[in-house]
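Scroll down for the structure; my scribbles are underneath it.
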Amino acid sequence: MGTPELISPRSPRVAAARRLARRNFRGKERRFIAEGPQAVREAAAHRGGDGEPTLIELFATPEAADRYADIVEAAHAAGARVHLADADVLADVSQTVTPQGLIGVCRFLDSPFQEILDAKPALVAVLANVRDPGNAGTVLRCADAAGADAVVLTDASVDLYNPKSVRASVGSLFHLPVAVGVPVEQAVQGLRAAGVRILAADGAGSDDLDDELDAGTMGGPTAWVFGNEAWGLPEETRALADAVVRVPIHGKAESLNLATAAAVCLYASARAQRPRRAPTRRNVSGRS
């Protein structure tokens with residue numbers, strides 16, 4: 001693919017990309033970093049609500065550009081500027097210990113909350129006070145895999161575009177609408193007004209997930225509210241829900257972590273809704 005075009009970490013293009021590791025710069029520029037072939041591939045295929053490509057720039061080592069020539073071609077087709085750079089430059093921009101040779105600069109892609117409501121969602125994940133970026137990205141991935149229609153991050157949750165969140169979503173960030181910065185009470189009220197039942201997931205919930213499934217109460221539109229990794233949902237948030245549901249522990253485990261509990265809850269709803277729902281998205285090449 002030729003000699004690297006960007007040989008110095010002090011290049012203005014590299015410096016601009018490196019600054020996106022910081023939240024204030026991401027917010028100012030409304031851009032974020034996507035690392036690795038899976039995330040960059042999905043970014044190159046994604047377009048925002050205005051129809052504009054999400055991927056703006058691609059930095060690639062010559063080796064990665066050869067190995068992932070299809071991704072480089074997709075980036076060119078999306079109108080992104082493609083820069084060849086040596087491995088030291090990529091390492092300077094990367095937020096990972098072992099960079100994979102591809103780093104994309106992307107436009108923000110979150111959706112207005114009202115657009116999510118207008119689409120009449122059947123399954124939504126609401127992240128309330130989720131502070132760990134890895135957990136946030138993993139829950140987003142679980143929601144995508146379960147066929148959820150949207151994810152909502154409340155104003156007290158982690159930044160959607162934190163590099164760890166983006167990596168943990170493994171490309172799912174580009175697959176479904178995500179609203180950010182929504183106060184939890186507004187999220188609940190809006191979803192309920194749209195005909196969505198609100199279930200708060202809590203280990204100390206008064207209702208058992210198995211009992212809900214056996215009773216046949218989970219077939220309608222549902223939003224699951226997931227809380228903080230360490231202390232769960234506060235009482236005022238639980239009080240907003242139509243039911244507070246616990247995942248039953250049949251063995252001797254003390255509890256489930258956030259992402260595992262979210263996967264169980266979302267898949268339970270997806271299974272309960274399946275006879276009533278047409279598929280909304282195809283399986284994306286079977287990739288995990």
Side-chain angles (χ1 to χ4, degrees), residues 113 116-117 120-132 135-158 176 178-274 276-277:
F113 181 51
I116 290 174
L117 298 179
K120 302 298 181 183
L123 184 57
V124 179
V126 179
L127 278 61
N129 284 294
V130 174
R131 302 296 180 84
D132 182 87
N135 276 334
T138 304
V139 173
L140 199 158
R141 183 183 183 187
C142 291
D144 179 26
D149 298 301
V151 173
V152 177
L153 275 73
T154 70
D155 54 356
S157 288
V158 70
L176 74 172
V178 183
V180 300
V182 184
V184 64
E185 187 170 354
Q186 178 185 339
V188 169
Q189 290 176 348
L191 288 163
R192 183 175 286 123
V196 178
R197 185 177 182 228
I198 311 298
L199 299 181
D202 193 282
S206 57
D207 296 336
D208 184 281
L209 180 61
D210 284 348
D211 292 340
E212 288 273 344
L213 288 167
D214 291 343
T217 57
M218 295 182 59
T222 301
W224 283 97
V225 182
F226 302 108
N228 183 272
E229 301 84 354
W231 59 81
L233 291 167
E235 178 56 38
E236 58 267 26
T237 301
R238 293 196 297 269
L240 296 171
D242 297 306
V244 182
V245 181
R246 66 182 183 275
V247 176
I249 303 293
H250 299 302
K252 296 180 180 180
E254 184 272 333
S255 63
L256 295 174
N257 65 27
L258 172 64
T260 302
V264 171
C265 294
L266 291 164
Y267 268 91
S269 286
R271 176 64 184 89
Q273 293 176 356
R274 193 169 68 181
R276 306 184 185 190
R277 300 186 72 198

Worksheet, complete the sentence: OG1 (Thr154) and CZ (Phe226) are apart, to the nearest 0.5 Å, by 13.0 Å
Worksheet item: Taking all atoms of both residues into account, what is the closest heavy-atom pair of Ala125 and Leu266, and its distance?
Response: CB-CD2, 4.3 Å
Worksheet entry | Distance in Å, Asp202 CG paired with Asp207 CG, rounded so as to fall on 0.5 Å steps | 11.5 Å
Worksheet item: If we only count heavy atoms from C-beta on, is the Thr217 to Arg197 side-chain gap below 4.5 Å?
Response: yes
Practice prompt. Spell out, as yes or no, whether a donor-acceptor pair under 3.5 Å connects the side chain of Ser157 to the backbone of Leu127.
Written response: yes
Worksheet item: Quick one: CG on Leu258 to CG on Asp132, what's the gap to the nearest 0.5 Å?
Response: 8.5 Å
Worksheet entry | For Leu199, the option from Thr222, Val225, Val244 that meets side-chain contact (heavy atoms from CB on, under 4.5 Å) | Thr222
Item to complete: For Arg131 and Ala136, indicate whether the former's side chain and the latter's backbone hold a donor-acceptor pair under 3.5 Å.
Response: no
Discussion item. Can you confirm whether Met218 sits close enough to Val245 that some side-chain heavy atom of one is under 4.5 Å from a side-chain heavy atom of the other?
Written reply: no
Practice prompt. Give the minimum heavy-atom separation between Asn129 and Ala156, together with the two atoms involved.
Written response: OD1-CB, 3.1 Å
Worksheet entry | Which atom of Val196 lies closest to which atom of Pro121, heavy atoms considered | CG2-O, 3.7 Å
Worksheet item: Shortest non-hydrogen contact from Leu233 to Gly227?
Response: CD2-CA, 3.4 Å
Worksheet item: How long is the gap from CD1 on Ile198 to OG1 on Thr237, to the nearest 0.5 Å?
Response: 12.0 Å
Discussion item. Is the shortest side-chain heavy-atom distance between Leu176 and Leu140 below 4.5 Å?
Written reply: yes
Worksheet item: Less than 4.5 Å apart, any side-chain heavy atom of Ser255 and any of Ile249?
Response: no
Item to complete: State whether the number of non-hydrogen atoms from other residues, nucleotides or ligands found under 6.0 Å of Gln186 atom CD is greater than 12.
Response: yes
Worksheet item: Sub-3.5 Å donor-acceptor pair from the side chain of Arg238 to the main-chain atoms of Ala200, do we have one?
Response: no
Practice prompt. Heavy atoms only: give me the nearest Pro248-Asp208 pair and the separation to one decimal.
Written response: CB-OD2, 3.4 Å
Discussion item. Would the distance check show the side chain of Asp149 and the main-chain N or O of Ala122 forming a donor-acceptor pair, the cut-off being under 3.5 Å?
Written reply: yes
Worksheet item: Does any N or O in the side chain of Arg246 come within less than 3.5 Å of the main-chain N or O of Ser206, such that one atom is a donor and the other an acceptor?
Response: yes
Discussion item. So, taking the atom named CG in Leu240 and the one named CG in Leu191, what distance separates them when rounded to the nearest 0.5 Å?
Written reply: 11.5 Å
Fill in: Trace of the side chain to side chain contact (heavy atoms under 4.5 Å, CB included) decision for Val130 with Leu153
CA-CA 8 Å; Val130 174; Leu153 275 73; over 6 Å; no
Fill in: Pairwise distance SG(Cys142) to CH2(Trp224) - rounded to 0.5 angstrom
13.5 Å
Discussion item. Within the 4.5 Å heavy-atom criterion, are Asp242 and Arg192 side-chain neighbours or not?
Written reply: yes
Item to complete: Work out which heavy atom in Ala259 is nearest to a heavy atom in Val139; give both atom names and the distance.
Response: CA-CG2, 4.1 Å
